[in-house]
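The chains referred to below are lettered A, B, ... by the order of the sequence lines, with proteins before strands, and numbering in each begins at 1.
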Protein chains: 2
Amino acid sequence: MRAVGNRPTIADIAKRVGVSPGAVSFALNGRPGVSEQTRARILEVAREMNWRPHRAARALGGAQAGVVGLVLARDPRTLGSEQFYTQILYGMQDMLSAHSSAVQMQLVRDTTAEISLYRHWASEHRVDGLVLVDLQLDDPRIAVVRELGLPAVTLGLPGEPGQLPSVWADDAEAMTTIVDYLAALDHRRIAHVAGPPVYQHTARRAAALRAQVTERGLHAGESVPTDFSDAQGAAATRALLSRAERPTAIVYDSDLMAAAGLGVALEMGIEVPRQLSIVSFDDSVLTRIVHPALTCLSRDTHALGAQVATTLLEAIADASFRESVRTETPHLVVRGSTARPLSSR
Amino acid sequence: MRAVGNRPTIADIAKRVGVSPGAVSFALNGRPGVSEQTRARILEVAREMNWRPHRAARALGGAQAGVVGLVLARDPRTLGSEQFYTQILYGMQDMLSAHSSAVQMQLVRDTTAEISLYRHWASEHRVDGLVLVDLQLDDPRIAVVRELGLPAVTLGLPGEPGQLPSVWADDAEAMTTIVDYLAALDHRRIAHVAGPPVYQHTARRAAALRAQVTERGLHAGESVPTDFSDAQGAAATRALLSRAERPTAIVYDSDLMAAAGLGVALEMGIEVPRQLSIVSFDDSVLTRIVHPALTCLSRDTHALGAQVATTLLEAIADASFRESVRTETPHLVVRGSTARPLSSR
DNA sequence: GTGGGTAACTAAAGCGCTATAGTCAACGCT
DNA sequence: AGCGTTGACTATAGCGCTTTAGTTACCCAC
């Protein structure tokens with residue numbers, strides 16, 4: 001054990017001011033029980049002595065841990081697709097630090113490990129609430145979170161809305177935005193390199209694409225599932241581009257796969273955007289540094305993270321809180337990777 | 001406040017077994033004071049009741065928080081270069097979870113914010129130790145960490161070795177590996193797109209390059225400083241490639257800048273690797289997905305993270321621990337972005 | 001001027017666990 | 001028999017904070 005500096009305690013302040021520790025606690029927490037004069041005096045001394053609450057002591061009294069959890073289930077081989085979540089994390093931290101909370105982010109192998117981590121955290125009182133990301137169809141985590149009594153917010157709509165508060169954007173509308181644009185450019189064979197079909201957002205996007213294709217009488221509209229890895233993104237692209245009737249545009253569910261797809265096109269000697277247009281569903285530094293830069297859907301991810309944090313704080317404060325916040329649909333940022341297809345020029 | 005399930009406490013176990021809470025504490029912590037028979041019985045009941053230690057309660061008694069901190073100082077605009085640290089984080093978490101600890105990673109704007117976060121954490125007893133990354137020349141964090149009495153490990157050698165335990169690899173040797181290879185291919189004008197000169201590793205690499213250039217009688221050897229952003233990486237590349245005597249090979253201090261540099265070369269119609277070879281100091285998914293894939297230095301970052309965690313645990317356990325662990329020098333992975341320069345064919 | 005209300009405190013218990021100082025019986029030794 | 005030891009516990013205090021139940025002192029109304 002180590003002496004970590006003799007931090008002042010509430011008792012020290014009490015002694016110095018000449019009141020009881022209870023009074024100091026009242027003053028520091030802004031609750032009634034002390035005169036304004038005394039309160040001011042206590043606050044002044046506290047600042048002078050550089051007092052900070054001892055988290056553990058508070059948590060022991062049943063208060064909050066001051067930490068919220070964010071778990072990313074990732075196969076180590078799929079690592080690399082965390083740009084988006086890094087931004088979310090940043091946004092959450094900025095919002096939470098104002099409420100002197102922190103985000104505990106952890107990477108685990110799979111959903112099973114994620115769930116056991118939640119149980120662990122709950123039993124150790126480590127977190128006050130959770131953010132669930134990468135929502136799945138029939139997501140097993142939702143039942144667990146309720147059982148544990150942990151406040152939680154989902155990033156993205158869960159299958160059965162209303163189970164948990166959530167922060168979401170309309171994936172179907174986003175896909176429609178893309179198809180609108182591609183169709184206006186005269187693309188008629190549009191393919192979709194998707195994530196694993198078990199994810200809600202992938203399912204929604206695929207469904208929206210099918211609906212659009214039918215509505216507009218386009219040719220293709222196939223969604224090829226992948227595990228989100230660059231390898232499978234590249235493989236899917238190779239397969240699509242090797243067909244007799246190859247698509248003139250491919251929409252990718254992630255920036256990483258889109259960049260990998262661009263690499264494959266270059267490797268196969270297919271010119272982007274002349275012979276193939278590429279659109280990414282995510283924006284990040286990645287879409288900007290490749291050449292040509294990728295047309296993509298973009299949104300303020302930092303603000304999204306902040307919104308998630310805000311909603312989670314509400315859910316923590318009020319156990320019955322169950323509202324969902326719809327955020328702006330991502331907007332299209334057109335860069336060099338999209339153009340009119342060669343055939344229609 | 002919310003009822004978070006009625007977790008069993010040590011008192012519950014004591015009641016059930018018929019001993020005092022103190023005896024249970026002894027048994028659960030593997031210290032003498034109970035017979036082997038009683039100990040076994042207590043452990044059995046504890047498992048049966050699914051008991052878990054209450055972190056806060058332990059921490060209050062002066063024990064550890066079970067959290068180590070990792071702060072990344074990043075201008076939001078420079079965000080995107082965290083691939084490496086995501087891997088480090090993963091490696092640390094895997095190692096630490098075996099010791100039922102966690103990593104608290106936080107992104108902040110700059111070193112000033114980083115330091116005040118350390119003070120904050122120390123005063124709240126939030127972390128047991130710290131990992132300092134991106135070591136600077138004359139790093140102000142070192143003094144603060146010592147003042148706070150927080151155990152810490154640096155990733156990379158600090159300016160004055162021996163101040164803190166560190167985990168490091170030889171940057172000079174790494175640069176030499178690259179120059180060896182490029183010189184063997186007959187490159188004679190080698191440039192370096194570096195990070196901010198205030199960073200130790202950037203300084204070491206630049207110095208090693210200069211030394212090599214002198215030793216081998218090569219032409220250039222200039223290091224262009226940047227802020228690690230893709231924008232400055234691209235700008236530096238553009239500047240270098242616009243010179244009358246442009247380099248035939250550029251070494252980049254990060255994968256992100258290397259990829260951005262490749263984008264610039266493509267944009268300027270300079271063929272890679274025929275007219276320009278590109279080498280990145282970091283490996284990541286990024287170097288693999290661009291086309292051509294980038295030659296780079298690679299190492300087992302996950303293992304590196306685990307090593308950092310191990311060293312930090314030692315430093316936490318023993319305040320006088322001050323050893324440094326040298327890890328393997330990154331090895332060169334040759335991919336499509338390097339070749340013999342056109343001029344020498 | 002007495003009862004009752006209220007503001008401004010103090011006293012004390014308790015959160016779950018650890019750690020230290022007992023207690024008590026059994027044992028060995030001179 | 002008397003004494004010190006040892007092992008296996010129990011009792012208790014305490015970590016820093018919150019919170020509830022007092023306790024004063026004071027003011028107001030009848």
Does a side-chain N or O from [X] land closer than 4.0 Å to OP1 or OP2 of [N], or not?
X: B/Arg31; N: C/dA19; value: yes
X: B/Thr9; N: C/dG16; value: no
X: A/Thr38; N: C/dC9; value: yes
X: A/Ser25; N: D/dC17; value: no
X: A/Arg58; N: D/dT18; value: yes

Where at least one partner belongs to residues 30-41 of chain A, residue pairs that pass salt bridge (Lys or Arg N to Asp or Glu O under 4.0 Å), sequence neighbours excluded = A/Glu36-A/Arg39
task = Could you name each residue pair satisfying salt bridge (Lys or Arg N to Asp or Glu O under 4.0 Å) that touches residues 15-24 of chain B, not counting sequence neighbours?
result = B/Arg16-B/Glu48
request  = Identify, with sequence neighbours excluded, every residue that meets side-chain hydrogen bond (donor to acceptor under 3.5 Å, both in side chains) alongside A/Arg58.
outcome  = A/Asn29
Polar-atom pairs under 3.5 Å, protein N or O versus N or O of nucleotides 20-23 of chain C: list them with distances, or write none.
none

query = Can you name the side-chain contact (heavy atoms from CB on, under 4.5 Å) partners of A/Asp94, sequence neighbours left out?
reply = A/Tyr90, A/His302, B/Arg109
query = Residues two or more places apart in sequence or in another chain: which of them pass side-chain contact (heavy atoms from CB on, under 4.5 Å) with A/Ala306?
reply = A/Met95
query = Quick one: which of C/dC9, C/dT18, C/dC15 gets closest to the side chain of A/Leu60?
reply = C/dC15
query = Should the pair B/Tyr118 and B/Trp121 be assigned to parallel (<30°), tilted (30 to 60°) or perpendicular (>60°) ring geometry?
reply = tilted
